[in-house]
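This report concerns only the one structure given below.
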Amino acid sequence: MASGLLTDLYEINMAASYLRRGMTGRATFSLFVRRLPANRGFLVTAGLDDCLEFLEGFHFTGAELDYLGRTGQYGHDVLRGLERMRFTGDVWAAPEGSTLFADEPIIEVSGPIAEAQLAETVLLNHITFQTTVATKAARCVLAAGRARLIDFAFRRTQGIGAAMSVARASAIAGFSATSNVEAARRYGLRAAGTMAHSYIQAFGDDEAAFAAFAADLPDANTFLVDTYDTLTGVRAAIAVSRRMRLPGPLVVRLDSGDLADLSRQARRMLDEAGLPDAEILASGGLDEYAIDDLVRQGAPIDIYAVGTKMGVSADAPSLNSAYKLVDYGGRPVMKLSAGKVTLPGAKQVFRGETGDIVGLRDEPAPPGHRPLLAPVMEAGRRLAPSEAIATSRDRCAAELARLPAPARALRDPRAPQVRHSERLTLLSQRVRREIHARTAAIRSDRGSQ
């Protein structure tokens with residue numbers, strides 16, 4: 001949706017004031033995360049595609065303008081201005097699947113100030129949530145090593161739209177499939193699923209249920225083996241697989257109990273039955289910490305299905321994200337609030353082997369560094385079609401591999417130090433001095449009155 005009302009009220013109030021006062025100067029806003037959660041050493045960016053889709057379609061419908069008119073807060077001049085408004089600005093952004101750190105811009109939006117202001121809420125929503133989930137999913141990928149991961153979060157996400165975003169964000173992070181069939185269709189992902197315990201209960205015993213399932217869906221050969229007794233369920237799966245000569249490798253799903261011990265026993269039974277290609281899928285309240293523990297115990301698990309804790313990023317469910325004005329009418333601006341100081345000017349992230357440097361967009365890249373942010377929208381139109389998720393996934397894998405070990409750590413991670421360029425530092429100092437000088441002059445004038 002690109003509804004103009006998908007925003008916080010204060011955005012519309014500010015836009016109304018800008019319109020009434022003829023303030024149409026070009027503004028640049030920077031979207032970034034102030035601080036990483038205590039247990040995160042990096043971020044994986046996601047949500048850009050939804051942001052660009054929103055900006056391209058941004059408008060106020062007649063019904064929305066009627067609603068605003070009935071509030072009595074906005075005159076006909078403002079309503080006419082909103083009716084004509086479309087996003088005509090430019091966007092620079094880090095591509096999805098990039099790794100970033102605190103105070104590094106993820107997106108920068110430039111355009112007439114009312115347009116850029118009204119984009120704030122939706123852009124923060126998309127980037128904050130999807131980056132949160134992609135980061136959690138990437139940590140699961142790091143923990144799993146060579147094992148594959150499946151998104152099982154649909155039933156526990158906080159809303160249907162969130163479930164769609166989770167499927168896409170986890171795919172960018174490296175998950176190989178999703179249980180969400182609509183997300184698989186929409187985003188070109190692989191749908192994957194097994195069966196519920198209710199299916200086994202409906203038949204009364206494991207073997208009867210597995211045989212019926214295999215007969216009706218011969219290519220869906222993943223059997224849930226822990227409804228009654230896990231090892232009995234494994235034996236039933238082996239018996240059905242051998243008797244019915246299933247076309248693909250057998251997969252047994254463990255959903256409860258001591259997954260490390262049960263997976264070792266199941267692996268031994270499968271191998272002794274002459275099924276070395278059979279795989280073991282584990283599920284049930286998993287996250288990167290549980291996966292890491294299983295890997296450290298040598299559990300022979302081939303696939304992890306991760307649901308709730310990834311889909312809501314249970315240990316770090318939000319990010320301290322911000323969307324702040326950094327330039328208006330060619331005048332660099334900054335905020336000096338305690339604990340919330342911002343950096344002035346349109347910026348760039350320069351990435352190199354020695355670490356990241358945040359600088360000004362128009363300065364050359366320092367030696368050995370490359371610019372990370374790129375133009376993705378100009379005059380309100382995308383510069384390229386939506387990027388394939390496979391491309392974002394490959395980028396994410398490469399970026400995760402390049403992260404320093406302390407940033408990749410699952411417990412007590414340490415993000416690398418991000419430096420500021422000399423030009424950005426000098427600009428920040430200059431703008432700070434100008435603000436203090438104006439403040440001092442205002443105080444002096446008031447004191448003399």
Side-chain angles (χ1 to χ4, degrees), residues 1-7 11-12 14-32 45-62 64-65 77-96 98 104-127 130 322-333 344-349 359-365 370-388 391-392:
M1 293 178 62
S3 163
L5 294 187
L6 279 175
T7 191
E11 311 285 13
I12 293 178
M14 286 186 284
S17 182
Y18 294 145
L19 291 172
R20 283 175 178 152
R21 295 176 177 277
M23 293 177 65
T24 59
R26 187 175 180 83
T28 296
F29 287 83
S30 185
L31 193 160
F32 59 96
T45 62
L48 173 61
D49 193 66
D50 283 334
C51 291
L52 299 182
E53 181 179 350
F54 171 78
L55 291 173
E56 274 200 318
F58 175 82
H59 69 288
F60 286 87
T61 68
E64 291 166 353
L65 293 168
D77 55 339
V78 169
L79 295 175
R80 283 195 299 271
L82 295 176
E83 181 180 26
R84 293 191 296 267
M85 187 177 292
R86 301 293 184 272
F87 182 73
T88 61
D90 305 334
V91 178
W92 285 60
E96 291 187 289
S98 299
E104 294 188 322
I106 300 172
I107 291 181
E108 291 207 328
V109 176
S110 299
I113 190 167
E115 297 174 18
Q117 187 77 66
L118 286 168
E120 175 177 3
T121 301
V122 167
L123 267 57
L124 275 171
N125 183 284
H126 284 312
I127 295 296
Q130 295 185 47
Y323 181 92
K324 297 302 177 185
L325 183 68
V326 296
D327 187 281
Y328 179 60
R331 174 174 58 88
V333 302
K347 287 176 284 297
Q348 178 60 270
V349 178
L360 297 174
R361 187 185 300 170
D362 61 358
E363 68 177 287
R370 61 179 176 85
L372 184 60
L373 275 64
V376 293
M377 177 172 276
E378 189 174 287
R381 291 291 175 261
R382 294 186 194 220
L383 297 178
S386 297
E387 183 175 78
T391 302
S392 302

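Predicted, not measured: the structure shown is a model, and the values here were computed from it.
No donor-acceptor distance shorter than 3.5 angstrom exists from the side chain of Glu83 to the backbone of Gly62, with no hydrogens or angles considered. Under the 3.5 Å distance criterion, the side-chain polar atoms of Tyr328 are matched with a main-chain donor or acceptor of Gly25.
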Side chain to side chain contact (heavy atoms under 4.5 Å, CB included) evaluation trace for Leu79 with Phe60: CA-CA 9 Å; Leu79 295 175; Phe60 286 87; over 6 Å; no
Stepwise side chain to side chain contact (heavy atoms under 4.5 Å, CB included) check, Leu19 with Asp77: CA-CA 8 Å; Leu19 291 172; Asp77 55 339; over 6 Å; no
Walk me through whether Met85 and Leu118 qualify under side chain to side chain contact (heavy atoms under 4.5 Å, CB included). CA-CA 10 Å; Met85 187 177 292; Leu118 286 168; 3.4 Å; yes
What verdict does the side chain to side chain contact (heavy atoms under 4.5 Å, CB included) test give for Ile107 and Val376, after you've listed the backbone C-alpha separation in whole Å, the side-chain angles of each residue and the deciding distance to 0.1 Å? CA-CA 10 Å; Ile107 291 181; Val376 293; over 6 Å; no
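Side-chain contact between Glu120 and Gln117: present, with at least one pair of heavy atoms (C-beta onward) separated by less than 4.5 Å. Two residues are said to be in side-chain contact when any heavy atoms from C-beta on lie closer than 4.5 Å; Arg20 and Val78 meet this criterion. Within the 4.5 Å cutoff, the side chain of Val122 has no heavy atoms near those of the Thr7 side chain. Here the side chains of Arg382 and Asp49 are in contact, with some heavy-atom distance below 4.5 Å.
When all heavy atoms of Ile12 and Gly4 are compared, the pair lying nearest together is CD1-O, 4.5 Å. Residues Gly380 and Glu56 share a closest heavy-atom pair of O-CG, 3.7 Å. The two residues Phe54 and Ala119 have their closest heavy-atom pair at CE2-CA, 4.4 Å. Listed here is the closest heavy atom pair of Gly345 and Leu360: CA-CD2, 4.5 Å. Of all heavy-atom pairs between Gln348 and Leu373, the closest is OE1-N, 2.7 Å. Pairing each heavy atom of Leu52 with each of Met377, the nearest pair is O-CE, 3.6 Å.
The environment of Arg370 atom CZ is dense: over 12 non-hydrogen atoms of other residues, nucleotides or ligands sit within 6.0 angstrom.
With rounding to the nearest 0.5 Å, the separation of CD in Glu11 from OG1 in Thr121 is 4.0 Å. The CD atom of Glu104 sits 10.0 Å away from atom OG of Ser98, with the distance rounded to the nearest 0.5 Å. In this structure, CD1 on Ile106 lies 13.0 Å from OH on Tyr323, to the nearest 0.5 angstrom. Atom CG of residue Asp50 and atom CG of residue Asn125 lie 9.5 Å apart, to the nearest 0.5 angstrom.
Here the rule is side chain to side chain contact (heavy atoms under 4.5 Å, CB included) with Cys51, and of Leu31, Leu124, Leu123, Val109 only Leu123 fits it.
Salt bridge status for Lys347 with Asp327: absent, with no side-chain N to carboxylate O gap under 4.0 Å.
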Considering only distance and modelled atom types, tabulate donor-acceptor pairs under 3.5 Å from the side chains of residues 88-96, sequence neighbours left out.
from	atom 1	to	atom 2	distance (Å)
Thr88	OG1	Glu115	OE1	2.9
Thr88	OG1	Glu115	OE2	3.2
Asp90	OD1	Ala379	N	2.8
Asp90	OD2	Arg26	NH2	2.6
Glu96	OE1	Arg168	NH1	3.4
Glu96	OE1	Arg168	NH2	2.8
Glu96	OE2	Gly47	N	2.7
Glu96	OE2	Leu48	N	3.2
Glu96	OE2	Arg168	NH1	2.8

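For the residue pair Glu108 / Thr28, no side-chain donor-acceptor distance below 3.5 Å is found, with atom types taken as modelled.
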